[in-house]
Structure formats: C-alpha cells, structure tokens
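Residues take their numbers from the sequence shown, with the count starting at 1.
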Amino acid sequence: MIIIYFGKGERGATCLETILQAHYNVALIVLQSEGDRQMTDLADRYGIKHIVLQDPNAPESAKILQAEKADLFILGGYGKIIRRHIIDIPNIMCINLHGGALPAYKGSSPMNWALRNGETSFKVSIIKVDSGVDTSPILSEQEQAVTLDDTIVTLHQKANAVFPKMLLDVLRKIKNQTCQPMPNPGNEGGYYPLRFAEDGFILFDQFTAFEVHNRIRALTHPYPCAF
C-alpha cells in the first residue's frame, strides 16, 4: 500500500515512526506547519519528502496528492479539516486517529473536555473519514482509565502509547481486507470545539472543588492554564 501521512506533534511522529519501522510505504508526509521539528526530523531521517499544504483542500493541493497515487491517507494528529474531494483521492480510504469516544466526544479537543467533565475513562478511536466531523465508521477503539491525578499531559501520553499498536492492527486488517468498520451513530453525542484561554476561567464562588480540580488539570501546560 502507498500511504500519504498527514501528521503533527508527538502523536503524529510516534505513529509515523511505528509504521515506518514496520516497513509500510509512506510516499509523502504532509506537515501541519513548518515548525514541527519532530515530524520534520523523522521525515529527513527516513528520506521521505515532506511538504506543508497551507490549504489542503485547494486545487493545487489536490494535484500534489493525486500525483502520488496513494492507497491510503492517514491523519495522525493533523488538525486541518479536509473536504470530500480530498478524502476521496486514495484508492482505499482515509483514516483518522481521534482522541475521544464516539459519538460522545466529537470535535477538536476531546481529551481536554473529558477531563473538564470529570470522566473516569476515555476512549481513543481510529475512524474511516467521511465528510462529517467524526461521524464516520469506527475501525478500532480502546478505553483508558482516568484517575484523579491525570492531567491533559498524562492523557496524551496514554493515548500516544496505544495509538501505534492500534494503527498497525488497522493497517494489517486493511491490507488483508478483513477490516470490519463498526457503526458510529454520529448524529448522537456531543461536539467539543477547540479550547480557548477563556475556558480556563475559574469562578471559585460558583464551582465545586471537583469542578475547579477538573478545569486545572484539563487546561494545564502546554495549553494556556486555568486562572
């Protein structure tokens, strides 16, 4: 299979290196930004061409992606939304690594919101991308416990520890044509947007101690912290 890998940060780099070590054919790496040293260094080390598409949905971007004749697109921590005409380019499918339970936690920052909501567990998912926002069939999911001491940092660590194995398993099933997507009732659940600095505003006279605790650990470094 020929793969185009769209990635960002720790999740993107960890999963990319795992599939490269497993000798999958990654023809092109699409970075979200020029300053992503983890992704850039990995691309240089393995001698894989890498680019930044300022607008991945633009006609010129589509031409670049079509030229690789890819079988699979993988979105590993990639934050830009791609549209149907790009999703349909690969011969097999486009898949995304989503850090939240579906359909309960659709959107951009599911782990931050799971902590803020006081969840005692969270799921990470690999989905087949469609034109909706996290509404597509689920290819794999795994549940992780959330303790009172977990922060957004440790939740990302837990997710990044299981995503590579999940991705290898999904790729093997796709290659063997044994992948059986699970339905995702995408019209149910909630949508959680990007978190902003004002989401960390704590009202000590209105929140319980548990609610204050959850905001602090959900919105801590590397995000703008609670205040």
Steps toward side chain to side chain contact (heavy atoms under 4.5 Å, CB included) verdict (Leu31, Thr40): CA-CA 8 Å; Leu31 308 175; Thr40 303; 3.5 Å; yes
For Gln21, all residues meeting side-chain hydrogen bond (donor to acceptor under 3.5 Å, both in side chains), sequence neighbours excluded: none
In this structure, are over 12 heavy atoms from other groups packed under 6.0 Å from Glu198 atom CD? yes
How close do His213 and Leu148 get, heavy atom to heavy atom, and via which atoms? NE2-O, 2.8 Å
Side chain to side chain contact (heavy atoms under 4.5 Å, CB included) assessment of Arg116 paired with Met111: CA-CA 9 Å; Arg116 181 172 165 171; Met111 286 190 284; over 6 Å; no
Would you name the heavy atoms of Val146 and Arg217 that are closest together and state the gap between them? CG1-NH1, 4.2 Å
Heavy-atom closest contact (His98 atom, Gly107 atom, distance): CE1-O, 3.3 Å
Close side-chain approach of Ile87 and Asp130, heavy atoms under 4.5 Å: no
Between Leu219 and Ile152, is any pair of side-chain heavy atoms under 4.5 Å apart? no
Is it true that Ile29 and Leu72 fall in one hydrophobic cluster, defined by side-chain heavy atoms closer than 4.5 Å? yes
Closest heavy-atom pair and its distance - Ser125, Ala101: OG-CA, 4.5 Å
For the residue pair Ser61 and Pro56, what are the closest heavy atoms and their distance? CB-O, 3.4 Å
Shared ILVMFWY cluster between Ile89 and Ile174, side chains joined below 4.5 angstrom? no
A quick test of your reading: do over 12 heavy atoms of other residues, nucleotides or ligands sit less than 6.0 Å from CD of Glu60? yes
Backbone N or O of Ala218 within a donor-acceptor pair of the Asn112 side chain at under 3.5 Å? yes
Val52/Val30 under side chain to side chain contact (heavy atoms under 4.5 Å, CB included): CA gap, chis, key distance, verdict: CA-CA 6 Å; Val52 174; Val30 180; over 6 Å; no
At what distance, to the nearest 0.5 angstrom, does CD of Gln157 lie from OG1 of Thr14? 10.5 Å
Within-4.5 Å side-chain heavy-atom neighbours: Ile19 and Ile74: yes
For the pair Asp169 (side chain) and Lys165 (backbone), establish whether a donor and an acceptor sit closer than 3.5 Å, ignoring hydrogens and angles. no
Ala159 versus Val124, closest heavy-atom pair with distance: CB-CG1, 3.7 Å
Any salt bridge (Lys or Arg N to Asp or Glu O under 4.0 Å) pairs touching residues 17-27, not counting sequence neighbours? Glu17-Arg45
Give a yes or no answer on whether the side chain of Lys80 reaches the backbone of Leu53 with a donor-acceptor pair at less than 3.5 Å. yes
Pairing of Lys158 and Asp150 as salt bridge, 4.0 angstrom limit: yes
Short question: side chain of Asp71, backbone of Ile2 - any donor-acceptor pair under 3.5 Å? yes
Flag the pair Ile202 / Ile216 as yes when at least one side-chain heavy-atom distance between them is below 4.5 Å, and no otherwise. yes
Could you tell me whether the side chain of Ile95 reaches within less than 4.5 Å of the side chain of Ile127, counting heavy atoms only? no
Main-chain N/O of Asn57 paired to His85 side chain as donor or acceptor, under 3.5 Å: yes
Do the ring planes of His156 and Tyr223 sit parallel (below 30°), tilted (30 to 60°) or perpendicular (above 60°)? parallel
For a 4.5 angstrom cut-off between non-hydrogen side-chain atoms, does Asp44 reach His50? yes
Looking at Asp88 and Arg84, is there a salt bridge between them, counting it only when a charged N and a carboxylate O are closer than 4.0 Å? yes
Quick one: do Leu139 and Met182 end up in the same hydrophobic cluster if we chain Ile, Leu, Val, Met, Phe, Trp and Tyr together by side-chain heavy atoms under 4.5 Å apart? no
Just grab all the side chain to side chain donor-acceptor pair (under 3.5 Å) pairs involving residues 24-36, residues at least two apart or on different chains. none
Should Leu28 and Ile48 be counted in the same cluster of Ile, Leu, Val, Met, Phe, Trp and Tyr side chains packed under 4.5 Å apart? no
Going by heavy atoms in the side chains, are Leu203 and Val212 under 4.5 Å from each other? no
Would you call Glu141 and Lys123 a salt bridge, using N to O less than 4.0 angstrom? yes
Okay, side chain of Thr154, backbone of Thr151: is any donor-acceptor separation there less than 3.5 Å? yes
Where the side chain of Tyr5 meets the backbone of Gly12, is there a donor-acceptor pair that is under 3.5 Å apart? yes
Any side-chain heavy atom of Leu65 within less than 4.5 Å of one from Ile86? yes
Report yes or no: do Ile64 and Tyr78 belong to one cluster of Ile/Leu/Val/Met/Phe/Trp/Tyr joined by side chain heavy-atom distances under 4.5 Å? yes
Output, in order, the C-alpha distance, side-chain angles, deciding distance and verdict of side chain to side chain contact (heavy atoms under 4.5 Å, CB included) for Asn117 and Tyr105. CA-CA 11 Å; Asn117 292 343; Tyr105 281 89; 3.0 Å; yes
